[in-house]
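Every chain is numbered from 1 and lettered A, B, ... according to where its sequence line falls, protein lines coming before strand lines.
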Amino acid sequence: MKPLPRSFYERDTVTVARDLLGKVLVHGERRARILEVEAYLGENDPAAHAYRGLTPRTRVLFGPGGHAYVYFVYGMHHCLNVSAEPPGRAGCVLLRAVEGVSGPARLTRAFGVTLDHYGADLTRGPLAILDGPPSARIETTPRIGITKAAELPLRFVGRDKGSPRDFSVPATDLPFYYRR
DNA sequence: GTCACGATTTGT
DNA sequence: CAAATCGTGACG
């Protein structure tokens, strides 16, 4: 599979978020399908970092889409986002889970993503996202762990038949790390 | 310069 | 439910 092209990312943030489900996150030898994401809009979304406008930290969000927006939180965790929208408009997608790894901070830890990857071009390079089968069954829910604009339905979870998150399958039939 | 706070995780 | 732990952004 090839990396997704710039044109994939420079679209409406919510569209990019939904289309990212099923795509493959790759870093070196590590690969896994993306299973859960959240959309963070631009300056109109109180929960988004870009809400405060262009700052040193949010710089990458206002540039071209398809770049890594990594930030450090709680003095110990890293979270990985994918920038969306064309240059000049902010918007990004938080990667919350991939196959075998639930939780945004666990995901970065598992894939060795740190602030060193801030701004990395995901259409090429060691850290990238490859094309993959789109998710045919997507569950939409409010975003997790935020206080502002918490009611907006911007969290998307792939629930495809046969996938690790196909909840129609009894949890006891799944490998340990897929349960819950 | 100072200060409150957070898109989380882990343990009690 | 609370601690861990520090960069960011607002304010002055």
Side-chain angles (χ1 to χ4, degrees), chain A residues 9 11-23 25 27 30 32-85 88-120 122 127 129 135 138-159 164-165 171 174-180:
Chain A
Y9 299 101
R11 300 178 294 160
D12 166 75
T13 303
V14 172
T15 302
V16 173
R18 297 175 63 95
D19 287 357
L20 234 23
L21 295 173
K23 299 298 179 284
L25 176 67
H27 189 207
R30 282 192 158 285
R33 293 183 64 204
I34 295 170
L35 301 181
E36 177 186 347
V37 300
E38 277 177 0
Y40 283 86
L41 313 182
E43 287 147 303
N44 295 317
D45 179 4
H49 291 168
Y51 183 60
R52 308 288 178 186
L54 204 171
T55 67
R57 183 174 64 155
T58 62
R59 176 179 55 76
V60 69
L61 295 177
F62 291 83
H67 291 262
Y69 169 57
V70 183
Y71 69 91
F72 186 60
V73 269
Y74 297 112
M76 60 186 95
H77 298 304
H78 295 279
C79 288
L80 171 62
N81 295 250
V82 174
S83 69
E85 307 279 346
R89 285 224 303 276
C92 63
V93 179
L94 170 68
L95 269 40
R96 295 194 61 90
V98 297
E99 278 179 316
V101 187
S102 279
R106 288 179 167 201
L107 187 159
T108 54
R109 195 178 56 184
F111 275 73
V113 174
T114 68
L115 284 181
D116 289 346
H117 298 94
Y118 181 93
L122 300 174
L127 181 62
I129 297 180
S135 194
I138 300 175
E139 179 182 2
T140 302
T141 83
R143 292 176 292 189
I144 291 177
I146 58 174
T147 56
K148 291 163 290 190
E151 69 295 347
L152 297 181
L154 295 175
R155 171 171 172 262
F156 306 101
V157 187
R159 304 274 195 212
R165 292 209 163 194
L174 299 172
F176 174 75
Y177 48 80
Y178 285 158
R179 304 222 186 130
R180 199 171 54 158

Cation-aromatic face contact A:Arg59/A:Tyr118, 6.0 Å, 45 degrees:
no
From CG of A:Leu94 across to C1' of B:dG6 the rounded distance in Å is 13 Å
For a salt bridge (charged side-chain N to carboxylate O under 4.0 Å, His left out) with A:Glu139, tell me which candidate from A:Arg155, A:Arg159, A:Arg18 qualifies.
A:Arg159
Using atom P of each nucleotide, how far apart are C:dT5 and B:dT2 to the nearest Å?
23 Å
Could you give the CG-to-P distance, from A:Leu80 to B:dT8, as a whole number of Å?
14 Å
Nearest-angstrom distance from the residue atom OH of A:Tyr51 to C1' of B:dA7
16 Å
Between the CG atom in A:Leu107 and the CG atom in A:Leu35, the distance rounded to the nearest 0.5 Å is 9.5 Å
Within the 4.0 Å heavy-atom criterion, would you say A:Ala105 contacts the bases, only the backbone, or no part of the nucleic acid?
sugar-phosphate
Round to a whole Å and report the spacing from CD1 of A:Ile146 to P of B:dA7.
8 Å
Do other residues, nucleotides or ligands put more than 12 heavy atoms under 6.0 Å from the CZ atom of A:Phe72?
yes
Between A:Arg109 and A:Thr147, which is nearer to the 5' end of DNA chain B once each is assigned its nearest nucleotide?
A:Thr147
Given B:dT8, B:dA7, B:dT10, identify the nucleotide with an atom nearest to the side chain of A:Tyr71.
B:dA7
For the pair made of CG in A:Leu54 and P in C:dT8, what is the distance, rounded to whole Å?
14 Å
If you pin A:His49 and A:Tyr74 to their nearest nucleotides in DNA chain C, which one's is more 5'?
A:Tyr74
State yes or no: are the ring centers of A:His117 and A:His27 separated by less than 6.0 Å?
yes
Any strand counts, and the cut-off is 3.5 Å on both contacts for Watson-Crick or G-U wobble. Which nucleotide pairs with B:dA7?
none
Ring-on-base stacking C:dG7 with A:Phe72 (under 5.5 Å, under 30°)
no
Please tell me which of the listed nucleotides, B:dG6, C:dG9, B:dT10, lies nearest to the side chain of A:Arg57?
C:dG9
Closest to side chain of A:Arg52, choosing from C:dG9, B:dA7, C:dA4:
C:dG9
Let me know the distance between CG of A:Leu115 and C1' of B:dA7, rounded to the nearest Å.
15 Å
Starting the side chain at C-beta, find the nucleotide from C:dT5, B:dA7, B:dT9 nearest to A:Tyr69.
B:dA7
Roughly, in whole Å, what's the span from NE2 in A:His77 to C1' in C:dA3?
11 Å
Figure out the CG/P separation between A:Leu41 and B:dA7, and round it to whole Å.
15 Å
Applying a 4.0 Å non-hydrogen cut-off, can you work out what A:Arg96 is touching in the nucleic acid: base, sugar-phosphate, or nothing?
sugar-phosphate
Does a side-chain N or O from A:Arg106 land closer than 4.0 Å to OP1 or OP2 of B:dT10, or not?
yes
